[in-house]
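Note that the structure is a prediction, hence the values are computed from the model and not measured. All heavy atoms count here, side chains included; hydrogens, waters and symmetry mates do not. All residue numbers refer to positions in the sequence shown, counting from 1.
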Amino acid sequence: MVPAPSSSGPLEHLLAFLRAHWRRLLLLFFGLLVPLLVFVSIAEDVFNKEPFAFEKPLMLALHAGASPTLDRVAVAFSLLGSARGMVPVTLGLVFLFYRLRHRLGYFLMLSLGGVALVNVLLKNVFDRPRPALWTPLLPEPDFSFPSGHAMFASALATALAVLLWPTRWRGAALLLGGLYVLGMMWSRVYIGVHYPTDVLGGALFALAWVVALTRALQIHPAFPVKSREE
């Protein structure tokens, strides 16, 4: 007996797939593909030593609005994002989430420690000198692209948003994390140690890095935690 032909064709299968997985596809598109493509575009121009016309006017405009209060805010952000500020934060968060569930601790360790190592590698590959438009508040001795402060801030904010997403704290994590990343990006340009593309590229790379780890380690569903072992 010849079976009846299926009434569903490729289009129906595609629509069913999209309905079932649209959230994951949006996450991969806006959290991984778009940030990575923008980073690659910026990195290509930086590697080829091509100038960005908007950077100098934007930096000079920020510097023109400098004040003692903004100086203190920018310095506080930068000190918080330094190795001295972030190492204890990283160790504390890794320990906390490792106790809740081992895989979450590994995820945080790879998210935060990973971008720190990648940042050192990328700085030496691109070899971009620091801006020299004015004497910075906190001079930096190494290269400029990408910003390590922006990378770490973006990785931290994204990782915490991922971990807290199934909880009632996800809205606060998104809002506070976004403000923290924007504040860190602003502070590095305001101080005068980074170009705008340094902080933008760093933040976008870290976002893509953490989203990729989220999918690779299959972090969700991460809560509720029913046992301390996977």
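By the 30° and 60° cut-offs, the orientation of the rings of Phe145 relative to Phe39 is parallel. By the 30° and 60° cut-offs, the orientation of the rings of Trp209 relative to Phe205 is parallel. Ring orientation note: the planes of Trp134 and His63 are close to parallel, at an angle under 30° on the 30°/60° scale.
Of all heavy-atom pairs between Leu58 and Pro196, the closest is CD2-CG, 3.8 Å. In terms of heavy atoms, Pro88 sits closest to Ala83 at CD-O, 4.3 Å. The two residues Tyr195 and Pro129 make their nearest non-hydrogen contact at CE1-O, 3.6 Å. Of all the heavy atoms in Val181 and Ala157, the pair that sits closest is CG2-CB, 3.7 Å. The minimum heavy-atom distance linking Ser154 with Thr158 is given by the pair O-OG1, 2.7 Å. Closest of all the heavy-atom pairs between Ala150 and Met185 is CB-CG, 4.2 Å.
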Residues Phe52, Val46; criterion side-chain contact (heavy atoms from CB on, under 4.5 Å); working and verdict: CA-CA 9 Å; Phe52 296 87; Val46 171; 3.9 Å; yes

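In this structure, Leu207 is not a member of the same hydrophobic cluster as Leu175, with clusters built from ILVMFWY side-chain heavy atoms closer than 4.5 Å. Hydrophobic clustering (side-chain heavy atoms under 4.5 Å, transitive across Ile, Leu, Val, Met, Phe, Trp, Tyr) keeps Leu110 apart from Phe95. Under the 4.5 Å side-chain contact rule for hydrophobic residues, Phe77 and Val89 share a cluster. Hydrophobic clustering keeps Leu179 apart from Leu200 (ILVMFWY residues linked when any side-chain heavy atoms are closer than 4.5 Å, directly or through intermediates). Residue Met109 is not grouped with residue Leu117 when hydrophobic side chains (ILVMFWY) are merged at heavy-atom distances under 4.5 angstrom, including chains of intermediate members.
The shortest distance between side-chain heavy atoms of Leu138 and Val193 does not fall below 4.5 Å. Looking at heavy atoms from C-beta onward, Leu70 lies in side-chain contact with Trp186 at the 4.5 angstrom threshold. Within the 4.5 Å cutoff, no side-chain heavy atoms of Val199 are placed close to those of His149. Proximity of Leu163 to Leu108: side-chain heavy atoms (C-beta onward) are separated by under 4.5 Å at one or more points. Annotation: side chain of Tyr180 is in contact with side chain of Leu156 (closest heavy-atom distance under 4.5 Å). Residues Phe152 and Thr90 have side chains in contact (heavy-atom distance under 4.5 Å, counting atoms from C-beta outward). By the 4.5 Å heavy-atom criterion applied to side chains, Arg130 and Phe143 are not counted as neighbours. Within the 4.5 Å cutoff, no side-chain heavy atoms of Pro146 are placed close to those of Asp198.
In terms of modelled atom types and a separation under 3.5 Å, the side chain of Ser41 and the main chain of Val38 share no donor-acceptor contact. Side chain of Thr214 to main chain of Val210: a donor-acceptor pair is present (N/O by atom type, distance under 3.5 Å, no hydrogens or angles). When atom types are taken as modelled, the side chain of Ser111 and the backbone of Phe107 share a donor-acceptor pair closer than 3.5 angstrom. Distance alone, capped at 3.5 Å, places no donor-acceptor pair between the Asp127 side chain and the Lys123 backbone. Proximity of a side-chain donor or acceptor of Ser187 to a complementary backbone N or O of Met184 within less than 3.5 Å is detected.
No hydrogens or angles considered: a donor-acceptor pair under 3.5 Å links the side chains of Thr197 and Arg128.
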